[in-house]
Protein chains: 2
Amino acid sequence: MADVVMDSGQGTSAGRDVTDLVLQDILAGVLLPGTWLKQIDLERRYNCTRPEVRRALDRLAQKRLVEHVPNRGYHVYEPDGRRAREVSEIRIILETAIVGTIIQNASLADIASLRGLAEQFDFMVLNGTMLELYEANLAFHRHLLILGGNLELVDLITEIRQRTSSAPVSQWRTRARVEQSSREHHLMIDAIEAGDAEYLKGLVRQHILQG
Amino acid sequence: MADVVMDSGQGTSAGRDVTDLVLQDILAGVLLPGTWLKQIDLERRYNCTRPEVRRALDRLAQKRLVEHVPNRGYHVYEPDGRRAREVSEIRIILETAIVGTIIQNASLADIASLRGLAEQFDFMVLNGTMLELYEANLAFHRHLLILGGNLELVDLITEIRQRTSSAPVSQWRTRARVEQSSREHHLMIDAIEAGDAEYLKGLVRQHILQG
DNA sequence: GTATCCTAAATTGGCGCCAATTTTGGATAC
DNA sequence: GTATCCAAAATTGGCGCCAATTTAGGATAC
């Protein structure tokens with residue numbers, strides 16, 4: 001029996017589960033770092049019940065996106081310079097490590113798909129919300145990582161990407177940076193086409209460090 | 001560190017979080033892969049309430065140690081060859097990446113501490129339970145990783161180590177392998193003392209691949 | 001006028017009940 | 001004898017209530 005049910009893992013799910021809704025609002029910058037997440041407020045905001053709110057908060061606390069203070073509540077994690085730096089370092093280690101495999105596995109069809117996703121990102125820069133831009137970026141990078149052939153790694157990177165919750169908002173404020181990201185996406189694809197692993201590694205590193 | 005090892009059936013399980021208790025039982029092999037975790041059973045087994053059980057199961061499902069099938073329950077994840085291989089690959093990438101930093105940062109005091117932890121592991125091989133052995137191993141590797149200077153990375157590796165839950169039991173059955181691990185621990189410390197990064201990388205890779 | 005204490009409102013968090021769904025066992029029909 | 005169907009038991013999971021703790025505000029003493 002094909003009884004495969006997509007539980008609320010870390011996949012990109014539609015805004016059904018409360019956990020994802022809160023997560024999206026944190027990533028979109030609606031719920032700012034330091035904000036206390038009162039259960040009664042979330043209950044009303046997302047039109048859901050108390051237990052659902054509590055489960056969502058517990059899950060986000062496990063993911064270390066919010067902090068739980070016993071008998072006082074949950075609040076959005078404040079950006080931590082050290083942590084952000086360390087997460088970036090981890091991402092650089094992981095994402096540069098599979099550059100070789102990505103280049104080996106990339107077919108012409110893959111490159112075409114990547115171009116499409118990169119262009120979709122460009123489109124969202126002009127006509128899209130912050131969230132749509134974020135998701136387009138995620139889709140591009142996800143497709144790129146899948147070429148690495150390690151699905152666990154794709155999930156892991158997607159997961160630790162969220163650990164610098166405040167990053168997307170605070171770093172993507174300027175249009176210049178977003179357009180820089182856009183250019184780098186295309187340069188990455190060029191590097192894959194050219195089969196230049198070392199150049200791609202440099203691009204990935206730079207891309208992560210700037211956001 | 002005195003580790004609280006809970007025997008099943010015992011009554012007073014005060015203080016400890018239920019999630020950790022179930023986690024330890026999965027890691028220790030008491031709860032075998034595929035087992036259905038009925039809420040009523042866990043409730044009685046760990047002397048806790050229904051909501052506590054459900055929270056623990058939800059958390060373990062988030063960590064992907066158990067799988068949740070709606071309206072049917074939770075069961076311990078079956079070992080997946082592909083996943084285990086991919087997790088090993090990730091660990092190799094991360095742990096070999098910080099070998100250089102580890103060697104740079106390792107003081108004489110650190111090396112002495114590592115020797116002590118390695119010897120504690122040796123001791124547990126002879127006079128210790130499976131869980132104590134597992135924890136001694138964890139303590140050694142944790143101390144090693146901390147020398148890398150990236151605390152997020154330490155937590156991350158500790159976390160993904162648990163993703164191959166069935167590994168410790170199934171792979172550590174033979175004494176030969178455990179003693180091989182023991183030898184490798186000491187060889188790693190030797191490599192650190194000698195400042196030989198490349199040799200240490202090879203050891204780490206081999207250590208992860210064999211379990 | 002300010003600090004402290006005490007009371008009241010608000011919030012968190014534990015707990016049990018009940019409905020919805022699934023599983024199991026047995027009875028019946030072919 | 002076997003397959004199918006139905007009913008009873010068991011299990012999951014949603015929901016709301018109430019106690020414990022914290023916070024805020026006001027009254028009182030100095």
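A note on names: the letters A, B, ... follow the listed sequences, proteins ahead of strands, and every chain is numbered from 1. Everything quoted here is computed from the prediction, not taken from an experiment. Worth knowing before you read on, the calculation uses all heavy atoms, side chains too, and leaves out hydrogens, waters and symmetry mates.
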Where the side chain of [X] is concerned, which of [options] is the nearest nucleotide?
X        : options                   : answer
Lys38(B) : dT11(D), dG13(D), dG16(D) : dT11(D)
Asn71(A) : dG16(D), dG13(C), dT11(D) : dG13(C)
Arg50(A) : dG14(D), dT11(C), dG13(C) : dG13(C)

Next on the checklist: Assuming nearest nucleotide by heavy-atom distance, tell me which of Glu43(A) and Gly73(B) is located more 5' along DNA chain D.
Outcome noted: Gly73(B)
Length of the [atom1]-[atom2] vector between [X] and [N], whole Å:
X        : N       : atom1 : atom2 : answer
Glu67(B) : dT12(D) : CD    : C1'   : 16 Å
Trp36(A) : dA24(D) : CH2   : P     : 11 Å
His68(A) : dT21(D) : NE2   : P     : 14 Å
His75(A) : dT23(D) : NE2   : P     : 12 Å
Arg54(A) : dG16(D) : CZ    : P     : 12 Å
Ile40(B) : dA10(D) : CD1   : P     : 11 Å
Leu37(B) : dA10(D) : CG    : C1'   : 17 Å
Gln39(B) : dG14(D) : CD    : P     : 10 Å

Checklist entry - Can you check salt bridge (charged side-chain N to carboxylate O under 4.0 Å, His left out) on Arg115(A) and Asp110(A), steps first, answer last? => result CA-CA 9 Å; Arg115(A) 283 268 181 238; Asp110(A) 291 323; over 6 Å; no
Checklist entry - Distance under 6.0 Å and angle within 45° of the ring axis: does Arg83(B) meet both against Tyr77(B)? => result yes
Checklist entry - Considering residues at least two apart in sequence or located in another chain, which fulfil the ring-ring contact (aromatic ring centres under 6.0 Å, His included) criterion with His75(B)? => result Trp36(B)
Item to check | Side-chain donor-acceptor pair present, Thr49(B), Glu52(B), cut-off under 3.5 Å | outcome: yes
Checklist entry - Under 4.0 Å between a side-chain N or O of Arg72(B) and OP1 or OP2 of dT11(D)? => result no
Checklist entry - Are any of Thr49(B)'s side-chain N or O atoms less than 4.0 Å away from OP1 or OP2 of dG14(C)? => result no
Item to check | Any donor-acceptor N/O pair under 3.5 Å between dG13(D) base and Arg55(A) side chain | outcome: no
Next on the checklist: What I want to find out is whether Glu152(A) reaches Arg163(B) closely enough, with some N-O distance under 4.0 Å, to be called a salt bridge.
Outcome noted: yes
